[in-house]
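Protein chains get the first letters and strands the later ones, always in sequence-line order, with residue 1 at the start of each. Owing to the predicted nature of the structure, the values given are computational and were not obtained by experimental measurement.
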Amino acid sequence: MSERIPEHRYTAELAGRIEAKWQDRWEAEDTFRSANPAGPWAEPDDPRITRGHRYVMDMFPYPSGAGLHVGHPLGFIATDVHARYLRTTGMNVLHTMGFDAFGLPAEQYAVQTGQHPRVTTERNMEVYRAQLRRLGMGHERRRSLATMDPDYYRWTQWIFTQIRESWYDPEATSRDGRGTGRARPISELVAELESGERATPDGRPWAQLSAVERADVLDAHRLAYVSAAPVNWCPGLGTVLSNEEVTADGKSERGDFPVFKRNLSQWMMRITAYADRLVDDLDRLDWPEKVKLIQRNWIGRSTGANVSFVVGTPGGTRETLRVFTTRPDTLFGATFMVVAPEHPLLDSIVPTAWPEGTDPAWHQGEETPLAAVAAYQRMASTKSDVERQADARAKTGVFTGAFATNPVNGARIPVFVADYVLMGYGTGAIMAVPGQDQRDWDFATAYRLPIVRTVQPPEGHPEDEAFTGEGPAINSANDEVSLDGLGVEEAKERIIAWLAGKGLAEPTVTYRLRDWLFSRQRYWGEPFPVLWDEDGVAHSVPDHLLSVELPEVPDYSPRTYDPEDADSSPEAPLARATDWVHVELDLGDGRGVRPFRRETNTMPNWAGSCWYHLRYLDPANEEAPVDPAVERYWIGPRPEPVASAPAGATDPGGVDLYVGGVEHAVLHLLYARFWQKVLYDLGYVSSEEPFRRLINQGMVEAYVYRDARGFPVPAAEVEEHPSGDGGPATYTWQGQPVTQEHGKMGKSLKNVVTPDEMCEQYGADTFRVYEMSMGPLEQYRPWETRAVVGSMRFLQRLWRNVVDEETGEVTVTDAPLDEETDRALHRTIDGVRADYEALRTNTAVAKMIELNNHLTKLDVVPRAAVEPLVQMVAPVAPHLAEELWERLGHDGSLTYEPFPQADPAKLVEDTVTCVVQVGGKVRDRLEVPADIDPSALEELALASEKVQAFVDGAPVRKVIVRAPRLVNVVV
RNA sequence: GCCCCCGUAGCCCAACCGGCAGAGGCAGCCCACUUAAAAUGGGCACAGUGCGGGUUCGAGUCCCGUCGGGGGCACCA
């Protein structure tokens with residue numbers, strides 16, 4: 001250490017000592033402990049219980065082997081600052097941190113290093129814990145959890161069992177009595193089937209069904225069930241994936257491997273049963289509109305009607321072809337129909353020969369329709385979804401040889417098969433209305449099919465395009481009903497009513513959302529609490545036998561394949577643990593000890609994060625995932641709905657503040673909402689939503705510097721050369737010019753900066769202040785190490801305002817504040833409180849710097865000003881604040897010291913500067929009493945010499961007075 | 001193709017209900033301290049709000065168009 005640096009200067013080194021001291025102290029004193037009203041940790045007498053409560057939460061991290069870079073803690077610091085602020089208001093504040101320890105990244109890292117995932121994950125968690133501790137996080141340690149702990153996943157498995165042992169009854173009254181639709185125990189369904197109150201699918205009495213048949217009936221209702229269906233198979237990851245985990249271009253979200261559709265038997269969760277509530281309840285949440293929109297798009301609710309068409313078969317019988325349409329009003333314009341290549345009706349309606357007189361262009365060069373359809377199906381089946389989308393422009397298809405009858409006009413219309421119709425949406429069949437749908441128009445043009453407009457396009461609408469807009473119906477009448485002249489909405493209502501009267505249509509809602517594929521063929525996840533008996537019937541593991549612990553296996557790495565090998569099949573690593581798989585158990589169902597085979601799939605990593613917000617509340621509870629009274633206290637509905645909620649909405653409950661990245665807009669946030677609603681329906685929780693308020697923190701980006709070849713160069717070694725004339729700066733690396741751009745922070749871009757480096761060079765408090773003053777929490781912002789020094793200087797000045805750098809003596813005076821300082825102090829308190837309240841930490845820091853700079857200019861710093869400042873700084877720079885607080889002569893932590901109060905009397909100025917405008921332009925400024933009368937002010941303004949000069953004798957048309965700040969003279 | 005968000009000093013960002021464009025920080029320049037440099041402290045300068053219209057007494061703020069950046073959905077019937 002250089003002897004010229006004053007001994008008691010606030011350097012990184014001193015900051016480091018202070019920070020370690022207070023971190024030890026907080027831990028030893030359990031400073032951040034919050035109180036529970038009930039459950040194993042009940043402390044109902046804690047005075048905070050009745051003073052209000054706040055639950056502040058972060059999306060917990062994956063403990064990856066790479067550790068944290070400076071971008072990761074941004075949200076964590078923001079919630080820590082907010083939670084620390086809230087504690088100064090006397091409230092009971094819950095803020096903790098856990099780990100999303102299961103899942104692909106942890107497993108892949110373990111595979112790379114050749115060690116058990118538990119070992120590497122434990123180690124990574126230790127690194128994370130140390131890094132977060134070093135940043136001064138006020139997390140409540142006893143509430144921490146990791147999803148891989150058997151004590152935790154015991155309850156994940158328990159919840160799975162609840163979901164599997166339930167079914168969705170759309171007729172049941174909802175729990176709040178305001179609507180219909182609720183999950184109910186499967187036992188109630190069994191009772192209905194047993195008593196005959198509800199008929200079995202084929203009408204036989206329940207008692208006559210075999211065990212397997214009964215299981216099939218129940219599986220059709222269970223909220224977690226096994227189904228054989230086309231799923232996303234990702235050979236590169238060796239597992240199947242949910243729709244949410246596949247990107248729009250058909251790659252795995254993690255790893256970017258190709259994904260193929262394979263028909264496989266997999267576990268599903270019936271999230272579609274909750275589609276309506278998942279959409280509707282978004283209105284009751286205080287979430288970014290963007291995230292709500294993403295969820296609405298993903299669920300993709302669309303209302304319309306199913307309409308039945310009659311199709312003749314080669315055997316002379318008639319089949320019904322049902323289509324889904326959002327535009328039943330255009331039915332008179334339906335001139336052909338299209339079914340998806342996978343449509344089951346194709347087996348029965350395709351004739352052996354082409355009908356007389358059909359256009360040879362429809363035959364695709366095939367001798368018979370059977371051959372043409374088979375060839376087309378073959379072609380379509382070899383194309384992946386991605387390829388089908390890539391060919392989106394060119395419409396292909398073949399005539400099936402079959403004709404349907406348009407129910408409104410009896411027209412005989414041809415049925416085509418084409419891959420622009422998807423089996424997975426609606427009914428897999430459409431009525432094609434080329435006049436009002438551009439895709440149908442394109443197809444009709446290519447196949448020379450008739451086009452009838454049934455909505456009048458406006459003038460100037462191109463002749464060769466479909467018209468999809470609003471307009472009066474035309475060409476839409478038969479003997480019984482006419483739509484002509486009606487608008488789209490009225491026309492829809494009238495035609496549906498007419499069709500419904502004949503049993504040909506019913507209003508229908510369809511969704512883009514599919515059921516959630518819930519099984520994975522990986523090792524590092526929660527085992528399913530499911531046993532298969534010798535008949536192939538699945539049974540839930542009884543609750544008292546949970547948890548079903550992950551077995552040790554000789555090789556836990558999954559079997560992965562050539563990423564392009566679409567024909568490979570998943571193979572669960574747990575299947576290799578044969579001793580674990582085969583068990584003999586008594587399920588307590590009266591059938592005694594029987595042999596079972598354990599389910600060998602594991603849950604996706606989303607399972608653990610679906611309910612961790614509940615477990616944080618009551619982590620030591622061994623009777624339930626969470627004590628109901630504890631849940632109700634912390635996250636139960638509040639009396640007032642959120643501000644953005646529509647009239648009449650009630651508060652759904654949930655975490656008071658949840659902060660995390662927007663990348664979980666679907667996935668985690670959708671899945672967690674679904675589980676919460678099931679648990680709510682079953683009566684285990686009082687809150688209908690997990691997260692009442694959500695904020696997406698922005699990403700910390702970093703500058704990327706590239707050389708002439710375009711390769712990134714180490715950002716830390718780049719030199720900046722400001723241009724003399726105020727223009728943009730230039731940059732060099734080792735003397736050669738390099739270009740600057742924004743990018744992510746990452747190893748390959750050579751621009752990673754870690755929080756550990758920042759603590760080393762500046763201290764954790766400086767790092768926290770810098771991150772919080774870079775801009776609004778939601779915003780993306782570039783990291784700039786050079787700029788961190790500004791935050792350091794602020795804390796240094798604050799230190800110096802209290803402590804003599806040479807002697808270490810406290811230098812504050814007990815003299816009263818001068819008027820200016822007093823006003824500045826109260827203005828700052830008022831502003832900073834509001835900023836903390838609204839999570840505008842960047843402007844809070846600016847206000848504190850301003851006050852501190854003012855104090856710096858005084859000869860001696862008054863205690864009465866600097867003590868409140870230290871308190872205000874505490875949420876962002878907690879260690880420094882604690883240290884100064886102690887040196888100022890206080891005992892104990894200032895964590896719970898009440899936030900300073902602004903005196904309203906000191907916020908109002910005696911005199912203010914009034915701006916006088918002439919024609920909207922500022923022409924004069926007047927010092928006036930703050931409570932000046934508007935007419936007196938007007939008089940004063942008009943009397944101003946400068947105003948007189950600009951008015952220049954012109955007649956004054958109007959004077960706008962906004963006392964006391966503004967007068968505008970209009971001439 | 002459709003939808004959403006964002007454009008303010010060289011850079012990161014403030015600006016409440018439409019009312020003086022600037023709170024704070026970085027970089028720059030000057031000064032003090034220093035043998036010198038760094039660090040530190042003090043001071044100074046810098047934009048009329050991407051662009052074009054409109055509403056208004058008055059627009060960074062509201063409306064329309066346009067350009068640029070970011071994101072979501074996409075043969076969804």
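Base orientation of B:rC11: anti (glycosidic angle beyond 90° from 0).
The side chain of A:Asn968 contributes no N or O atom lying less than 4.0 Å from OP1 or OP2 of B:rU56. The side chain of A:Arg800 places an N or O atom within less than 4.0 Å of a non-bridging phosphate oxygen (OP1 or OP2) of B:rG41. Here A:Arg797 reaches the OP1 or OP2 of B:rG41: one of its side-chain N or O atoms lies under 4.0 Å away. For the OP1/OP2 pair of B:rC26 and a distance below 4.0 Å, the side-chain nitrogens and oxygens of A:Arg793 include at least one atom meeting the criterion.
Ring pair A:Tyr447/A:Phe336: centre-to-centre distance not below 6.0 Å.
As judged by a 4.0 angstrom heavy-atom cut-off over every strand, A:Gln796 is placed among residues touching the sugar-phosphate backbone only. Heavy atoms of A:Ala787 sit under 4.0 angstrom from primed sugar atoms or phosphate atoms, though from no base atom. Using a 4.0 Å heavy-atom cutoff across all strands shown, A:Lys847 reaches no nucleic acid atom at all.
Every residue two or more places apart in sequence or in another chain was checked for a side-chain hydrogen bond (donor to acceptor under 3.5 Å, both in side chains) with A:Gln697, and none qualifies. Applying the ring pair (Phe, Tyr, Trp, His ring centres under 6.0 Å) criterion to A:Tyr425, with sequence neighbours excluded, gives no partner residue.
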Within the sub-3.5 Å range, which N or O atoms of nucleotides 59-61 of chain B have a protein N or O partner, and how far apart are they?
none

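Applying the Watson-Crick and G-U wobble criteria (two distances, each under 3.5 Å), B:rC75 pairs with nothing in any strand.
Counting only N and O atoms by type, the side chains of A:Asn751 and A:Tyr705 include no donor and acceptor under 3.5 Å apart.
Using a 30° and 60° split on the angle between ring planes, A:Trp783 and A:Phe767 fall in the tilted class, from 30° to 60°.
For B:rC20, the base has a donor-acceptor partner in the side chain of A:Arg925 [N/O atoms by modelled type, under 3.5 angstrom].
Ranking B:rC73, B:rA77, B:rG24 by closeness to the A:Asn297 side chain, first place goes to B:rC73.
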